[in-house]
*Asks:* 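One structure, as structure tokens, below. Some questions next.
The chains referred to below are lettered A, B, ... by the order of the sequence lines, with proteins before strands, and numbering in each begins at 1. Worth knowing before you read on, the calculation uses all heavy atoms, side chains too, and leaves out hydrogens, waters and symmetry mates. Keep in mind that what you see is a predicted model, and the values were worked out from it rather than measured.
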Number of protein chains: 2
Amino acid sequence: MTVTEINSWQSVKAEVMRRIIERIWLPGDMIPNEIDLAEEFGCARATVNRAMRALAEEGLLERRRKAGTRVALNPIRKATLEIPITRLEVEQRGWSWRHSILERSETSPSVTVASRLGLSVNVEMLHVRSLHYADNHPFLYEDRWVNLSEVAAIRDVDLKEIDANEWLVQNTPLTKGDISFSAANATKQEAELLQATEGEAIFVIDRTTWNGDIPVTIVRLAYAPGYRMHTEI
Amino acid sequence: MTVTEINSWQSVKAEVMRRIIERIWLPGDMIPNEIDLAEEFGCARATVNRAMRALAEEGLLERRRKAGTRVALNPIRKATLEIPITRLEVEQRGWSWRHSILERSETSPSVTVASRLGLSVNVEMLHVRSLHYADNHPFLYEDRWVNLSEVAAIRDVDLKEIDANEWLVQNTPLTKGDISFSAANATKQEAELLQATEGEAIFVIDRTTWNGDIPVTIVRLAYAPGYRMHTEI
DNA sequence: TATTGTATTATGTATGCACATAATATTTTG
DNA sequence: CAAAATATTATGTGCATACATAATACAATA
């Protein structure tokens, strides 16, 4: 055999990908079954299976029992974006991070907040507004509500020392999250805080998280102008 | 044994997740090695490995050879967002979709476009500007450049019939993509097209895609005011 | 003491085999 | 001929074993 053996799942994956990229196998095409591919590549079926599973997870292949495997028609490449801790995000860019607490109060939520969490307005919550800096420039304005009946321990945390999000991430299990991204014109208050001009376009993330079915926190993150969220597929 | 045997990788995964969520294993903690877990659960090491690998891919565990496995300190819950085809996105919301071509020309790219693609300005590209409507309301303004030397076939496509993105997704393999999300103030032109007011905050997606190392297309998507991108984790 | 070499260890991967499961194809039955 | 029962098939999973690899701990050496 002049053929180099393809016997690691990574090389099987690479070879299958090559055939897709070079359009030897077209979108929608059925491809040979695992047994045949294993024979062709000179490896075990489990090895082929490992490679194919990886490609299916990436969205390049569609697999169904008995029906077989085909090249995906809409390679809906799923972009995975990480929900970062602001401190790390800032430090990763080589800037120094600090944050300051603008408000910290224990109160009952507004109707809007309560309804979005599915809670009564009588529940006691922690309301924290804070500003994150990157190299002493305003970077992010955060407006957060925390469900105190679920996360009572946060009462005793000094949020000047540790960011609320960072504390929550490390101290409460979060099983479910709801995130939306949008653009908004800076309000007068936001503009002042972020050293922007009123009406300037601001990137906004709204996030609600639950532990099981119990709402934990709802937060609105308003980034200083120029912020870009980036990902690769 | 009164213990129900945990012998499928899914149940191993569920049990390990339970221990993390219920804080039996804390963030940063080392957890037992695969051999011990296999013994405890009454299954093979390969089964434990399969489960642990899945959890590591989800970001809940951090694994290193010899060093062992620990609960991730920052459970970087990765949100996966699908890169949709606009027509489907609109139709999924129950609206009717149509789009109109504002410009279609074959020309050489601007310096900005060329440099972002890593191409010379002498390359011939297809420049398409189009407007997508949802229920006859402007939904998305799209400004796209396509590398004709890589995707020559698009010359003969009637883009009034099929959206460029949809055609590309179905007819060229895309192996790599670069996506960024940001907020911008609507320019006068954008405001007119999207029936917005000048300066209104607009959600923008910039996307570049490659096939292997060859750039295929670069596109800027400007959404009408009020657009939200949504995902769950 | 600092550096280099070596042993140890936990995860990573490959293999052969067996059986499970889902979906299709085929045959039987009313 | 249509509906139900049955066979077939491709992927999915589990197991035991073996060896590979990376990272650490520890000993040997200069």
*Asks:* Name the residue closer to the 5' end of DNA chain C, choosing between B:N33 and A:A67 according to the nucleotide with the nearest heavy atom.
*Replies:*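 In this pair, the answer is B:N33.
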*Asks:* Once side-chain contact (heavy atoms from CB on, under 4.5 Å) is applied, do any residues pair with B:E166, and if so which ones, sequence neighbours excluded?
*Replies:*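 B:E166 satisfies side-chain contact (heavy atoms from CB on, under 4.5 Å) with B:I85, B:R87, B:I162, B:D163, B:Q170 once adjacent residues are dropped.
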*Asks:* Verify, without hydrogens or angle tests, whether A:D158 (side chain) and A:K160 (backbone) share a donor-acceptor contact under 3.5 angstrom.
*Replies:* yes
*Asks:* By side chain to side chain donor-acceptor pair (under 3.5 Å), which residues pair with B:T209, not counting sequence neighbours?
*Replies:* none
*Asks:* Donor-acceptor check, side chain of B:D178 to backbone of A:E232, threshold 3.5 angstrom: yes or no?
*Replies:* no
*Asks:* Could you give the angle between the helix axes at the two ends of the helix from C:dT1-D:dA30 to C:dG30-D:dC1, with five pairs per end, rounded to 10 degrees?
*Replies:* 10°
*Asks:* Tell me which donor-acceptor pairs under 3.5 Å the side chains of residues 145-155 of chain A have, and how far apart each pair is, sequence neighbours excluded?
*Replies:*
unit_1, atom_1, unit_2, atom_2, d
A:N147, OD1, A:S149, N, 3.2
A:N147, OD1, A:S149, OG, 2.7
A:N147, ND2, A:P215, O, 2.9
A:E150, OE2, A:N211, ND2, 3.4
A:R155, NH1, A:E106, OE1, 2.7

*Asks:* May I ask you to check whether over 12 heavy atoms, not counting those of A:E39, lie within 6.0 Å of atom CD?
*Replies:* no
*Asks:* Would you tabulate the nitrogen or oxygen pairs shorter than 3.5 Å linking the protein to nucleotides 12-16 of chain D?
*Replies:*
unit_1, atom_1, unit_2, atom_2, d
D:dG12, OP2, A:R63, NH1, 2.4
D:dG12, O4', A:R65, NE, 3.1
D:dG12, O4', A:R65, NH2, 2.7
D:dG12, O6, A:R45, NH2, 2.7
D:dT13, O4, A:R45, NH2, 3.4
D:dG14, OP1, B:W9, N, 2.8
D:dG14, OP2, B:W9, N, 3.3
D:dC15, OP2, B:A44, N, 3.1
D:dC15, OP2, B:T47, OG1, 2.4

*Asks:* Are A:E57 and B:R53 within salt-bridge range, i.e. N to O under 4.0 Å?
*Replies:* no
*Asks:* Reading DNA chain C from 5' to 3', where do the contacts with chain A start and stop? Cut-off is 4.0 Å to heavy atoms.
*Replies:* C:dT13 to C:dT24
*Asks:* Checking ring-ring contact (aromatic ring centres under 6.0 Å, His included) against B:H132, which of B:Y227, B:W97, B:F139 comes through?
*Replies:*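 Of all the options given, the one that passes is B:W97.
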*Asks:* Please check if the side chain of B:R220 supplies one atom and the backbone of B:D206 the other of a donor-acceptor pair under 3.5 Å.
*Replies:*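 No, the answer is negative, given that no donor and acceptor are paired below the 3.5 Å cut-off.
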*Asks:* Apply side chain to side chain contact (heavy atoms under 4.5 Å, CB included) to B:R19 and B:I31, showing your working.
*Replies:* CA-CA 10 Å; B:R19 294 185 187 182; B:I31 74 174; over 6 Å; no
